[in-house]
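Heads up, the thing below is written out as structure tokens.
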Number of protein chains: 2
Amino acid sequence: MLWAMNPLTRRMRYPVRDSIRCFFGIMASFKGQAEYSVDSKGRIAIPARMRNALRPEANNSFTITRGFEQCILLFPMDEWERREAEIARLNTYRSEARSFVRTIMRWADETKMDGQGRIVVPKNLIEFAGLDSAVLIIGVLDRIEIWNPKTFAAQAEQEADYPAVAERIFEMGRDL
Amino acid sequence: MLWAMNPLTRRMRYPVRDSIRCFFGIMASFKGQAEYSVDSKGRIAIPARMRNALRPEANNSFTITRGFEQCILLFPMDEWERREAEIARLNTYRSEARSFVRTIMRWADETKMDGQGRIVVPKNLIEFAGLDSAVLIIGVLDRIEIWNPKTFAAQAEQEADYPAVAERIFEMGRDL
DNA sequence: GGAATGTTCCCCACTTTTCCCCACTCGCTT
DNA sequence: AAGCGAGTGGGGAAAAGTGGGGAACATTCC
């Protein structure tokens, strides 16, 4: 296994295996979940396991934004830049595209981890996701999701048909 | 990461990563929202996050104009010059193009930030956008939008189908 | 022409927020 | 048991947002 230096801790803790190849090159690959707390200053610690999956190019920074569901998304800086370039190609003389870009960018903000590996979550996003003292942090491939545990549980009965959904998504016959 | 000097604060606060490549080269990348106040002199502060995203070429200046919606647009000077060049290429023997160019240029004005990072908004634009004491400032990629919060809220029910619009726009299936 | 009035622009000052750093606790490993 | 990594809490310096004074310039009125 290869290791690279994590600039936050200045240690060789970045495992290259924890990344996957994609169209653009290499992207991070977050996985797992953890229940952490939000402190009085609105800070949330990023689980060490996910910090270690960050590529050095991300510079310990994330773009934080809202999800389509009632949760917060964290994209590593390098990954977000690719998405933004895609958004910038939309034709903003079309009213629908204009409104879409406005909504995406309006919720987005840049945030950098402090020396303890924490990020500050903007107040409007805390409100949007309905966060209180405890949060559920989930690693989902190229992004990290932050949920209020209650909100997640409430919408997680959808996962009851998890196998059925999988069948629909992969119905073109291509197995992963 | 590269840093350049922000001439406003005379500090190395301008992150070069905070710009994205586009057809023309590099453009600024504004994001986030903030609710600020308009003071008695008609001045509005530009959020520090967005000031730091300005390229030195913009020279702390904006071209201010009206949007397609009922809001005010701020383009960094360097970005505006590219747009103006684009507009100048339109065929002004077409009456529709003539009218479009006239309307755009009629509302446009130049404004430069003061030492505190504030701009003065022309009275006709304040009237057009219906601004009073509080404004909503939104970073939208290559431009900054200034809204009356009430006006924005009134037209923001479009955001209800934000996920649906996203599915339509990115119908190739790639989730954002 | 000159004084009065108003506007623009630059600077200084105050308050609040943000960000960086230090410190503590708790498991787990050595 | 000691040491280290990980999660949590908080203090203080610096930056950001806000308000306002006053000089320089323009405009209007007598």
Side-chain angles (χ1 to χ4, degrees), chain A residues 3 5-15 32-54 59-62 64 109-127 131-137 139 144 146 149, chain B residues 3 5-15 30 32-54 59-62 64 109-126 131-137 139 144 146 149:
Chain A
W3 296 86
M5 182 153 92
N6 179 339
L8 184 71
T9 56
R10 298 212 170 61
R11 284 167 175 279
M12 304 303 274
R13 290 285 308 209
Y14 165 66
Q33 67 172 350
E35 190 157 338
Y36 277 19
S37 63
V38 187
D39 69 17
S40 58
K41 294 184 178 182
R43 293 177 300 193
I44 299 178
I46 305 300
R49 184 177 159 71
M50 300 180 194
R51 285 206 301 265
N52 292 337
L54 275 177
N59 196 29
N60 286 318
S61 299
F62 294 93
I64 186 168
D109 197 359
E110 291 182 11
T111 179
K112 190 179 168 87
M113 288 193 285
D114 66 9
Q116 277 63 32
R118 293 172 294 194
I119 56 161
V120 179
V121 180
K123 289 196 189 67
N124 59 341
L125 283 172
I126 287 190
E127 197 178 329
L131 300 189
D132 42 33
S133 59
V135 292
L136 182 67
I137 304 177
I144 296 171
I146 300 176
Chain B
W3 296 86
M5 182 151 93
N6 179 339
L8 184 71
T9 56
R10 299 215 168 59
R11 284 169 174 276
M12 304 304 274
R13 290 284 308 207
Y14 165 65
F30 301 113
Q33 65 176 341
E35 189 156 338
Y36 277 19
S37 61
V38 186
D39 68 17
S40 56
K41 296 182 179 183
R43 294 177 300 192
I44 298 178
I46 305 300
R49 287 257 159 77
M50 302 181 194
R51 286 205 302 264
N52 292 337
L54 275 177
N59 196 28
N60 287 319
S61 299
F62 294 93
I64 187 168
D109 197 358
E110 292 183 11
T111 179
K112 190 179 168 88
M113 289 193 285
D114 67 9
Q116 275 64 29
R118 293 172 292 196
I119 57 162
V120 179
V121 179
K123 289 199 186 64
N124 60 339
L125 283 171
I126 287 191
L131 300 189
D132 43 32
S133 60
V135 291
L136 182 67
I137 304 177
I144 295 171
I146 300 176

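Excluded from the calculations below are hydrogen atoms, water molecules and symmetry mates; all remaining heavy atoms, backbone and side chain alike, are included. Throughout, a chain's letter reflects where its sequence line sits, starting with A, and its residues are numbered from 1.
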- Query: Quick one: bend of the helix from C:dG1-D:dC30 to C:dT30-D:dA1 from 5 pairs per end, to 10°?
  - Reply: 20°

- Message: Test of understanding: with side-chain contact (heavy atoms from CB on, under 4.5 Å), list the residues that count as partners of A:Leu131, not counting sequence neighbours.
- Response: A:Ile44, A:Ile72, A:Ile126, A:Ala129, A:Val135, A:Ile146, A:Asn148

- Message: For B:Ala34, give me all partners under side-chain contact (heavy atoms from CB on, under 4.5 Å), at least two apart in sequence or on another chain.
- Response: B:Tyr36, B:Pro47

- Query: What is the distance from NZ of A:Lys112 to C1' of C:dT18, rounded to the nearest Å?
  - Reply: 16 Å

- Note on the structure: Across all chains, not counting sequence neighbours, the side-chain contact (heavy atoms from CB on, under 4.5 Å) partners of B:Lys123 are none

- Message: Once salt bridge (charged side-chain N to carboxylate O under 4.0 Å, His left out) is applied, do any residues pair with A:Asp132, and if so which ones, sequence neighbours excluded?
- Response: A:Lys150

- With B:Asn124, which residues qualify under side chain to side chain donor-acceptor pair (under 3.5 Å), at least two apart? none

- Message: Can you build the contact string for nucleotides 24-30 of chain C? Use B for base contact, S for sugar-phosphate-only contact, and - for no protein heavy atom under 4.0 Å.
- Response: -------

- Query: Atom CD of A:Glu35 and atom P of D:dT8: how far apart are they, to the nearest Å?
  - Reply: 11 Å

- Task: Measure from CD on A:Glu110 to P on C:dC19 and round the result to the nearest Å.
- Result: 12 Å

- Message: Generate the contact string for nucleotides 5-13 of chain C. Rules: B means base contact, S means sugar-phosphate contact only, - means no protein heavy atom under 4.0 Å.
- Response: ----BBBBB

- Query: Which whole-number value in Å describes the distance from B:Ile44 CD1 to D:dG19 P?
  - Reply: 12 Å

- Counterpart residues, side-chain contact (heavy atoms from CB on, under 4.5 Å), relative to A:Glu35 (two or more places apart): A:Ala134, A:Pro149

